[in-house]
Structures are given as C-alpha cells and as structure tokens.
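Below is one structure, written out as structure tokens, with a few remarks after it.
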Amino acid sequence: MKIDISKNLFKYPLYPLILLTTICLGQESFTGVIEFKTEIETTDLAPDDYKEKLLYNYGEKVSVFYLESGNFARKYESNGETGQFVKFYFAEKGILISTYKNITEADTIDVSVNSLVLKEKKKVANETILSLDCSCYEYKAINKSKEMITLTYCYSEQTPILDSNLFKLHKDFFISDFITMSNRPYLKFSLQTSLVKMTFTAIKLRQKNITMKDVLGID
C-alpha cells in the first residue's frame, strides 16, 4: 500500500519522531548503528541492465539503526536520485515503511506475516566478520511467485544482545526467528534467487543511543 508521507505524519509518525526519545521495552537491548557494504552479483539469467537497476535502487552501502523500542531503520546510500532512502520498522505495529529519495509517497508492508514459505533451515559454515567468529544460518524458502529464495544470516556472540521480544512481530524474511535464535543483530545478510545474489556485510558497528535525528542526519 502506498501512502503520502507529507499528508500522513500522524498516522505514520516518521518526522514527529525526530523530536522524541525512544522508550525501552523489556530487557536492555542493543542500540546503535551497523554499517554494511553492499555487493550485487547477477546470473546469466538476469537481464543485461538488472545489476545497474539494483545498484540505482539500493546503492553500495546501507546503515541499520537500532532504537531502544525495537524500532529500526535501514538507510541506503550511494544510490540513485529516486532510489531507496530509509526503510522504517515500527515494532508495535509490525509494519515496514519504505521511503524513497525525492518522492513523497511511501510503501507500507505488513511484516507480521511471513511472505515466504520455509522449506529448509540449516547451519552453514562459520565466517569471520569484523574480526569476529560468526555463526551462519541458511533459510531456503518459496516466495509468492513460487520462486526459490535462499536467505543467509550471520551473527557473533561477541556483539551486544538484542531483546528478541522487541522483534517478535517481524516474521517476514524470518527476522523474528533469527533474532529469537541468536539474540544478536546480523553482521551479514544475503538474499539469493535465480537472477541475483545480494550480500550485505558489516564493516563497522557502533553502540550508542539512537534517535530519528541520527537516522535522518539532522543536527
């Protein structure tokens, strides 16, 4: 569903949150930002311009901001003029709002229902990320188009804890399942289809109190 964020500031309070601090619910949970590099590899089945379109939309870098309330935001950088700007997750509602650069309309997604049907979940080889030993888990699933998708999440037990209760409504893409299992933020996430593999690997983790001012880059 599309909304006009310039006319729905009270129904979907993105910008009023700039003036608010967050309230901690449940046990102390990691607050801070994790910066990721983005890598995109297309297959021979992909259209010639598919990689360029994905880079235009998602860019080469994304930062994930974790707030105390369980809300989080993914901010995309180095992408096109109308590419992704910020995806806001609102924990109490179980909704994700996608905003775009230079566009007032936003997409809302109900992530309290998983759009994927799980076929297999398994542990795969560990990886070293940020000089930390990371456990990795692979989810093989079918999407609504009956296409096979492989998701991989990696985490380290040496990173700060996430309160899994704060993320219980984010069932889409197995986020709640992964955080319930790991109690940690992911340091690597990959999504693979027959056309593309997109990989997001952490390059920096900073623990700090986060507000919407930090997300939007407002002093």
Side-chain angles (χ1 to χ4, degrees), residues 3 5-6 8-38 57-109 111 129-130 132 153 155-156 158-170 173 175-176 178-179 182-189 200-219:
I3 61 170
I5 59 175
S6 67
N8 289 270
L9 299 184
F10 295 98
K11 184 176 181 182
Y12 299 98
L14 301 183
Y15 298 106
L17 281 173
I18 297 171
L19 304 178
L20 301 178
T21 56
T22 54
I23 299 173
C24 184
L25 305 174
Q27 73 182 65
E28 183 178 349
S29 189
F30 167 65
T31 61
V33 57
I34 304 177
E35 298 177 15
F36 295 83
K37 65 177 181 180
T38 302
N57 195 32
Y58 294 103
E60 298 178 343
K61 180 182 175 182
V62 60
S63 297
V64 181
F65 297 82
Y66 290 89
L67 287 78
E68 289 180 338
S69 57
N71 297 341
F72 65 78
R74 298 189 193 104
K75 185 177 183 179
Y76 297 84
E77 301 177 42
S78 303
N79 55 350
E81 292 182 357
T82 57
Q84 297 276 346
F85 177 40
V86 182
K87 291 181 182 288
F88 298 91
Y89 172 65
F90 292 93
E92 289 188 358
K93 299 291 186 181
I95 61 171
L96 190 72
I97 299 181
S98 294
T99 65
Y100 305 88
K101 294 180 177 179
N102 301 309
I103 296 177
T104 58
E105 283 192 337
D107 295 319
T108 63
I109 303 170
V111 294
I129 305 165
L130 295 178
L132 302 173
Y153 294 95
Y155 72 96
S156 171
Q158 298 177 61
T159 59
I161 289 175
L162 284 178
D163 180 355
S164 61
N165 289 321
L166 299 175
F167 302 89
K168 61 185 179 181
L169 289 183
H170 197 318
F173 278 54
I175 288 287
S176 62
F178 166 73
I179 295 178
S182 66
N183 291 306
R184 300 294 192 283
Y186 61 82
L187 297 182
K188 184 175 182 179
F189 167 69
F200 306 88
T201 307
I203 56 175
K204 184 183 293 185
L205 184 153
R206 287 177 289 158
Q207 189 165 11
K208 58 175 290 189
N209 291 329
I210 295 291
T211 68
M212 292 302 291
K213 285 185 178 181
D214 298 303
V215 177
L216 298 173
I218 297 175
D219 296 329

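- Between Tyr100 and Thr82 the shortest side-chain heavy-atom distance does not fall below 4.5 Å.
- Under the rule for a ring-ring contact (aromatic ring centres under 6.0 Å, His included), the partners of Tyr89 that lie at least two apart in sequence or sit in another chain are Phe72, His170.
- For the pair Phe85/Ile103, no side-chain contact is recorded, criterion being any heavy-atom separation below 4.5 Å from C-beta on.
- Considering all non-hydrogen atoms of both residues, Arg74 and Val64 come closest at CG-CG2, 4.0 Å.
- Of the inter-residue distances, the one linking Ile34 atom CD1 with Ile203 atom CD1 reads 11.5 Å to the nearest 0.5 angstrom.
- Considering all non-hydrogen atoms of both residues, Phe88 and Met212 come closest at CE2-CE, 2.8 Å.
- In this structure, Val62 and Thr38 have side chains that are in contact, with non-hydrogen atoms separated by less than 4.5 Å.
- Using a 4.5 Å cut-off on side-chain heavy atoms (C-beta onward), Thr159 and Leu205 make contact.
- Thr201 is linked by a side chain to side chain contact (heavy atoms under 4.5 Å, CB included) to Lys37, Glu39, Ile129, Lys188, Thr199, counting only residues two or more places apart in sequence or in another chain.
- Shown here for Thr211 and Asp214, the closest heavy-atom pair between the two residues is N-OD2, 2.9 Å.
- Applying the ring-ring contact (aromatic ring centres under 6.0 Å, His included) rule to Phe36 yields the partners Tyr186; only residues at least two apart in sequence or on another chain are considered.
- Annotation: side-chain hydrogen bond (donor to acceptor under 3.5 Å, both in side chains) contacts of Ser78 (sequence neighbours excluded): none.
- For the side chain to side chain contact (heavy atoms under 4.5 Å, CB included) test, residues two or more places apart in sequence or in another chain that qualify with Ser176 are Lys171.
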Verdict with reasoning, Leu132 to Leu187, per side chain to side chain contact (heavy atoms under 4.5 Å, CB included): CA-CA 10 Å; Leu132 302 173; Leu187 297 182; 4.3 Å; yes
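- Counting heavy atoms from C-beta on, the side chains of Arg184 and Gln158 never come closer than 4.5 Å.
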Between Ile179 and Leu166, does a side chain to side chain contact (heavy atoms under 4.5 Å, CB included) hold up when you go through it step by step? CA-CA 10 Å; Ile179 295 178; Leu166 299 175; over 6 Å; no
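- Under the ring-ring contact (aromatic ring centres under 6.0 Å, His included) criterion, Phe178 pairs with Tyr153, Tyr155, not counting sequence neighbours.
- Between the side chain of Thr31 and the backbone N or O of Lys208 there is at least one donor-acceptor pair closer than 3.5 Å.
- With sequence neighbours excluded, the residues that form a side-chain hydrogen bond (donor to acceptor under 3.5 Å, both in side chains) with Asn79 are Lys101.
- Between Gly70 and Phe167, the shortest heavy-atom distance links the atoms O-CE2, 3.6 Å.
- Put simply, the side chain of Asp163 never gets that close to the backbone of Ser29: no donor and acceptor are under 3.5 Å apart.
- For Asn57, the side chain to side chain contact (heavy atoms under 4.5 Å, CB included) test picks out Gln84, with sequence neighbours left out.
- Closest approach of Leu130 to Ala202, counting heavy atoms only: CD2-O, 3.7 Å.
- For the side-chain hydrogen bond (donor to acceptor under 3.5 Å, both in side chains) test, residues two or more places apart in sequence or in another chain that qualify with Ser98 are Lys87.
- By the salt bridge (Lys or Arg N to Asp or Glu O under 4.0 Å) test, Lys75 is found to be paired with no residue, residues two or more places apart in sequence or in another chain being considered.
- Between Ala91 and Leu169 the shortest heavy-atom distance is O-CD1, 3.3 Å.
- Annotation: ring-ring contact (aromatic ring centres under 6.0 Å, His included) contacts of Phe65 (sequence neighbours excluded): none.
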